[in-house]
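Comments concern the structure below.
This one's a predicted model, so the numbers in the text were calculated from it and none came from an experiment. Here is the naming used below: chain letters follow the sequence lines, and residue numbers restart at 1 for every chain.
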2 protein chains.
Amino acid sequence: MARRAGVDTSTASRALAGDARHRMSEATRARVLSAARKLGYRPNLLARALRTARSNSLGIVVPQLDNPVYAQMISGAEAAARERGYALLIVHVGEAESGVTAIERLTRTNHVDGLLVSSFDHESVLAPALRHAKVPSVVLNRRAAGVANCVSLDTRRAARKAVAHLLELGHRRIAHLTGRPGGAGTRDRIAGYRGALESAGVGFDPRLVAAAGFSAEGGERAMRAVLRSARPRPTAVFVATLLAAAGALKALRAARIAVPGDISIVTLHDSIIAEVLDPPMTTVRLPTRRMGYEAARGLVDLIEGRARRVARVLAPLELVVRGSAAPPHA
Amino acid sequence: MARRAGVDTSTASRALAGDARHRMSEATRARVLSAARKLGYRPNLLARALRTARSNSLGIVVPQLDNPVYAQMISGAEAAARERGYALLIVHVGEAESGVTAIERLTRTNHVDGLLVSSFDHESVLAPALRHAKVPSVVLNRRAAGVANCVSLDTRRAARKAVAHLLELGHRRIAHLTGRPGGAGTRDRIAGYRGALESAGVGFDPRLVAAAGFSAEGGERAMRAVLRSARPRPTAVFVATLLAAAGALKALRAARIAVPGDISIVTLHDSIIAEVLDPPMTTVRLPTRRMGYEAARGLVDLIEGRARRVARVLAPLELVVRGSAAPPHA
DNA sequence: CTACTTTACGTTAACGTTAACGTCAATATG
DNA sequence: CATATTGACGTTAACGTTAACGTAAAGTAG
């Protein structure tokens with residue numbers, strides 16, 4: 001016990017707490033602090049956690065690590081957690097583990113003080129698991145029934161912005177390659193797409209919408225399907241994600257359709273990949289990193305009782321104009 | 001204390017340890033185990049950690065999260081850690097924090113049992129920090145003086161393989177855009193490049209080598225520099241990383257040089273990005289995820305005394321032939 | 001059948017921290 | 001001046017776990 005060296009016993013705890021609830025003389029406090037500094041004292045977080053039943057750690061559950069979207073989320077969450085003095089335990093649930101067992105493990109065994117969840121598991125199984133955990137949780141970008149706390153991106157407005165850009169360029173026949181059928185994001189994207197079309201007086205044609213998933217292969221397949229079945233051929237496509245857009249690009253190139261000459265593309269979720277594509281991709285940049293940051297910040301607020309609820313939809317969406325969208329042929 | 005319900009006191013600890021060093025009757029062991037199962041007993045890792053001075057957690061220090069290389073490494077390390085019953089604490093050191101303070105924090109405050117380190121910090125500062133930490137550590141892909149335990153990729157052989165592919169296609173004048181000048185990876189890449197050239201009887205021309213860093217911009221700049229100064233113009237380029245190769249591609253496109261028609265490109269580090277480029281990039285795939293996996297596994301072996309040293313160079317390098325390299329013009 | 005060994009498990013203490021309580025002296029109140 | 005009040009800090013116990021020690025019962029040897 002490093003403290004004894006300089007001064008007395010566990011009065012040190014009070015001094016180091018710094019809290020105003022403990023009244024004590026400035027003199028002893030100063031003595032303790034200087035001794036602590038001199039001895040290089042570091043509190044043992046394990047012991048503190050055991051005593052206070054608070055581990056000062058957060059758990060984050062993500063379905064993938066090597067997808068830039070999740071990497072950015074984690075990066076933001078890690079920054080916020082560190083700023084507030086929390087460690088971040090990352091669990092990556094793939095085939096090996098379900099989000100539910102990950103939540104169990106984090107709370108029961110690792111004693112995290114709060115959970116950030118962005119698993120693909122279905123809401124109906126996730127929501128009860130989160131309620132059953134006795135720690136607060138914030139869900140990332142999955143607004144859903146039974147989920148109290150959530151930080152999301154305004155996918156609907158992002159979709160609207162992307163499609164509005166195509167409309168402003170003069171496109172009228174705009175296809176949409178969306179994500180997983182039935183997903184919450186898919187609903188939002190379609191709503192934004194449809195809203196933008198309708199407020200420009202363009203009718204909604206369900207044959208121009210295809211599910212692409214989030215992979216390049218999915219985008220390629222969906223693009224081929226649209227080319228095959230949509231008559232007349234669209235002059236522009238709004239694609240759900242960058243990877244899928246890259247796939248769509250491939251399909252168009254294979255069909256000898258020039259981008260943006262014959263068909264324009266706009267997509268969501270900016271990343272370095274957008275810049276290295278040919279042509280560089282016009283995208284709507286979403287504040288993914290900030291979503292992670294705000295979610296972790298909100299979670300800490302919940303844990304420390306500064307907030308009762310976290311429900312934010314992050315707005316600043318920026319259209320990044322590169323080379324994949326241009327006015328349609330005259 | 002859940003155990004009392006079914007049986008006696010801390011004999012349970014012995015039963016649950018399962019260790020053969022504790023001799024006890026099968027009957028009581030079975031009774032304890034079944035009671036534990038019935039009550040859903042989960043050991044409190046914090047209390048155990050405090051008592052045993054072992055936290056069953058590893059720390060990993062990485063310079064970036066949104067680079068696919070690090071994401072893959074972390075993904076592998078997480079898998080190995082989980083298999084062995086360890087949690088993984090990820091610290092991402094950017095501008096805000098140096099790797100040294102991260103190491104300090106992980107060991108002194110979070111009491112991790114071992115460290116995985118892949119920071120950009122200079123070896124001369126990192127090695128003493130690791131020695132000073134009293135827990136074992138494994139360095140990822142930074143073989144360096146003073147570093148005892150390391151798992152790396154065989155960058156030299158990978159470079160050799162990439163260049164050999166170009167030589168086999170018939171190229172003789174091959175440029176090399178490498179990483180940070182002075183880096184260990186840079187040395188290995190140049191050695192492999194030079195080795196391949198020399199065993200094909202092609203002379204090494206330092207004017208064909210340029211430092212590109214690891215970014216797309218760096219690759220673009222380096223490619224332009226080579227095009228400007230190398231006479232006669234090379235017919236192929238070997239680039240250190242995928243992002244830099246994408247940049248080089250951009251520079252070539254801007255100069256109206258066809259790939260692979262006029263200049264071929266081969267690079268290292270496969271990822272989804274390679275597939276979505278135009279043309280899709282021929283790369284040498286490195287076992288990055290496995291590097292993370294093996295490093296974490298080796299670290300646990302060090303911690304648990306099953307190994308005294310971890311020093312592996314991972315070999316399985318696979319040439320992934322896509323469309324960016326072809327025979328030179330006749 | 002006594003004396004020593006082994007087996008099986010209960011008891012105790014400790015890991016480092018902090019909440020709760022206790023004590024003593026200084027100050028305030030009548 | 002006696003008593004009540006407060007401020008400052010020491011003492012104690014507890015968080016849940018396990019290593020070390022203790023002890024009773026069963027087994028073994030002479």
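- Of the N and O atoms on the side chains of A:Thr28 and A:Ser25, at least one donor lies less than 3.5 Å from an acceptor on the other residue.
- A straight line from CG of B:Leu46 to C1' of C:dC15 spans 13 Å, rounded to a whole angstrom.
- Between A:Thr52 and B:Thr52, the one whose closest nucleotide on DNA chain D sits nearer the 5' end is A:Thr52.
- Comparing A:Ala47 and A:Ser25 along DNA chain D, the residue whose closest nucleotide (by nearest heavy atom) sits nearer the 5' end is A:Ser25.
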Kindly determine whether A:Val151 and A:Val310 satisfy side-chain contact (heavy atoms from CB on, under 4.5 Å), including the steps that lead there.
CA-CA 7 Å; A:Val151 174; A:Val310 174; 3.7 Å; yes
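- Rounded to whole Å, the distance from CZ on A:Arg48 to C1' on D:dA14 is 17 Å.
- Look at B:Arg42 and A:Glu104 and you find a salt bridge, because one of the NZ, NE, NH1 or NH2 atoms lies within 4.0 Å of a carboxylate O, short of that distance.
- The pair B:Arg309-B:Asp301 does not meet the salt-bridge criterion, since no charged nitrogen lies less than 4.0 angstrom from a carboxylate oxygen.
- Distance, A:Arg29 CZ to D:dG10 C1': 17 Å, rounded to whole Å.
- Note on A:Thr28: a side-chain N or O is less than 4.0 Å away from OP1 or OP2 of D:dC9.
- Annotation: proximity of residues 102-113 of chain A to DNA chain D (heavy atom, distance under 4.0 Å) is found for no residue.
- Atom P of nucleotide C:dT12 and atom CZ of B:Arg51 are separated by 16 Å, given to the nearest angstrom.
- A donor-acceptor pair shorter than 3.5 Å cannot be found between the side chains of B:Tyr86 and B:Glu78.
- Nearest to the side-chain atoms of B:Leu50 among the listed nucleotides D:dT17, D:dC9, D:dG16 stands D:dG16.
- The side chain of A:Thr11 has D:dC9 as its nearest neighbour among D:dC9, D:dT17, C:dG16.
- With C:dC9, C:dA13, C:dG16 as the candidates, the nucleotide lying closest to the side chain of A:Asn44 is C:dG16.
- Residue B:Arg306 places its CZ atom among more than 12 non-hydrogen atoms of other residues, nucleotides or ligands, all under 6.0 Å distant.
- Proximity note for B:Arg14 (side chain, C-beta onward) versus D:dC21, D:dC9, C:dT18: the nearest is D:dC21.
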